[in-house]
Amino acid sequence: MPELITGPWEAVSADPAWLRSKPGIKWASAAPGVLPAWVAELDFAIPPAVRRGLADLAGVGDLGYPAWLEGAGTPLREAFRDRMAARHGWSPDPAQTREFTDLNQALQAVLHVATEPGDAVAMHVPGYPTFLRTLPKMGRRLIPVALDHGRDGWSFDAARLDDAVAASGARTLILVNPHNPTGRVLTPAELAAIADVAEARDLLVISDEIHADLAYAPAVHVPFASLSARTEARTVTMTSASKAFNIAGACCAVAHVGSARVRDGLDRLPPDLLGRIGSAGVIATLAAWQESDPWLTTVLTTLAANRGRLGAALPEGIGYHEPEATCLAWLDCRSLGLTDPAEFFLRKAGVDLISGSSFGAGGEGFVRLNFGTTPAVLAEICARMRQAVETLR
């Protein structure tokens, strides 16, 4: 299995046979010859510390009930506080943090206890497809708030959010920052403007910050709840080590529940209704947060370089703004005149992308591409896309 080593990432090349042999959904579900670039998963071996931690767990020979099962939560609560304090100057109270299997479960649990069927929930679009699908499945009304798309990229209009919330009566906002799919990292001024709307309209803010560790300098991630004590008290901050440290299969996430009303609602649920995270997920997450930042630094160097490589290698006519965070590129293919660009690139190039229409209003004509791979694989993806576009000319 390839190791992530110290030094220039170009010196390390993932074995294509290893990628094809991986059991995860990204490569295991790819048809022969197809290059998958859809799901937000990195093509890199997991951090050595995570691998050691899991090996040590198996080596002990004990997968019994963990000691923390009867206590006041897992060690993740303190580890999350320590990480936020060290990286962002925010010290969330561990007593207000809860564990979940992933962010989708956390979102659904919070919506279940904090809203009722028929309630309006605001969310910026284009937006994360799983969240968009969750709302109608739970009987909640999506209030889409369009992002602005200009020459310099994507921006958030607080006045538009305020108008949408006022008109709909929404009392909940799902905020995704860093944003998926555009890769924007909201500035302190943008966050403060959203906080003003939340205060004026008495909004519960459910803040997805899962990509916070994948922000590129000079962009700086600021946790929404860190703006003030009043903002923290109306915010649920959801995060996981799954994206930045490539451990989505560990099924482990946390949410700091600053809202006492929501916290009480979650604690009133039957204790086993949502299931429980396992020892392996906790150990993997602790190893990621506490021991794997050198690994993350190397990965960020690779991803930052890949952003530039992508911009230079994309077919002519595809619009692209370098993301400020994430391993995801939001590509504007509208000038190509295609009904569904994702279908076209899968059929003509053997490159599997996500259709922009999955991301709601404003996503039509776009595709999302994951550049979290090796330079060689990324170069092949772009070469195939260029050849496919040439057939249109």
Side-chain angles (χ1 to χ4, degrees), residues 1 23-24 45-88 90-110 112-113 207-210 212-213 223 225 232 235-260 262-296:
M1 180 181 297
I46 62 175
V50 173
R51 199 179 309 168
R52 287 194 301 270
L54 294 175
D56 289 347
L57 174 64
V60 169
D62 179 14
L63 284 176
Y65 295 113
W68 41 258
L69 193 62
E70 297 299 327
T74 73
L76 293 173
R77 299 186 181 189
E78 288 76 18
F80 174 65
R81 175 202 58 204
D82 294 345
R83 188 165 184 82
M84 291 298 101
R87 295 177 74 89
H88 306 295
W90 174 47
S91 296
D93 184 353
Q96 298 179 1
T97 297
R98 302 292 181 268
E99 299 86 357
F100 296 91
T101 59
D102 63 17
L103 264 67
N104 295 307
Q105 184 192 65
L107 173 70
Q108 292 165 13
V110 170
H112 177 73
V113 303
S207 186
D208 167 8
E209 302 185 10
I210 197 170
D213 281 338
E232 181 182 284
T235 302
V236 176
T237 303
M238 308 185 303
T239 195
S240 169
S242 61
K243 298 301 182 185
F245 295 94
N246 210 28
I247 56 171
C251 297
C252 185
V254 299
H256 176 259
V257 188
S259 165
V262 176
R263 206 162 55 244
D264 181 66
L266 291 172
D267 291 345
R268 288 176 181 272
L269 293 175
D272 296 314
L273 179 66
L274 302 177
R276 297 182 187 273
I277 60 174
S279 299
V282 172
I283 286 173
T285 301
L286 289 173
W289 281 348
Q290 297 176 341
E291 303 179 60
S292 300
D293 279 340
W295 180 95
L296 178 61

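Residues: numbered from 1 along the sequence shown.
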Would you call E291 and P47 a side-chain contact if the rule is heavy atoms closer than 4.5 Å?
no
Output the distance between atom CD1 (I283) and atom CG (D56), rounded to the nearest 0.5 Å.
8.5 Å
Could you check if a side-chain atom of D213 sits within less than 4.5 angstrom of a side-chain atom of R83, using non-hydrogen atoms only?
yes
Determine whether L76 and C252 make a side-chain contact, defined as any pair of heavy atoms from C-beta on separated by less than 4.5 Å.
yes
Which residue, D208, D102, L103, T101, forms the side-chain contact (heavy atoms from CB on, under 4.5 Å) with S240?
L103
Could you pull out all residues at least two apart from T74 that satisfy side chain to side chain donor-acceptor pair (under 3.5 Å)?
E99
Given D272 and R276, is the salt bridge (charged side-chain N to carboxylate O under 4.0 Å, His left out) satisfied, shown in steps?
CA-CA 7 Å; D272 296 314; R276 297 182 187 273; 3.0 Å; yes
Minimum-distance pair of heavy atoms, taken over all atoms of W68 and G73:
CB-O, 3.6 Å
M238 versus F100: any side-chain heavy-atom pair under 4.5 Å?
no
Neighbour count above 12 (heavy atom, 6.0 Å) for H88 NE2:
yes
Under the 3.5 angstrom rule, does the side chain of R263 hit a backbone N or O of V257 as a donor-acceptor pair?
yes
Under the criterion side-chain contact (heavy atoms from CB on, under 4.5 Å), I'd like the reasoning laid out for R98 against H256: C-alpha separation, chi angles, the key distance, then a yes or no.
CA-CA 6 Å; R98 302 292 181 268; H256 176 259; over 6 Å; no
Indicate yes or no: at least one non-hydrogen side-chain atom of V282 is less than 4.5 angstrom from one of I277.
yes
Within the distance-only criterion (no hydrogens, no angle test), does the side chain of Q290 pair as donor or acceptor with the backbone N or O of A79 below 3.5 angstrom?
no
On a heavy-atom basis, the closest approach of A284 and V50 is O-CG2, 3.6 Å
CZ (R81) and OG1 (T97) are apart, to the nearest 0.5 Å, by 9.5 Å
Are side-chain heavy atoms of T239 and F80 found at a separation under 4.5 Å?
yes
T237 side chain vs S207 backbone, donor-acceptor pair below 3.5 Å:
no
How far apart are the closest heavy atoms of A241 and W289, and which atoms are they?
CB-NE1, 3.6 Å
In the structure I gave you, are the side-chain heavy atoms of E232 and P223 within less than 4.5 Å of one another anywhere?
no
R87 with D293: basic N within carboxylate O range, under 4.0 Å:
yes
Does S292 use its side chain to pair, donor to acceptor, with the backbone of W295 at less than 3.5 Å?
no
Do D264 and R268 sit within salt-bridge range, that is, some charged N less than 4.0 Å from a carboxylate O?
yes
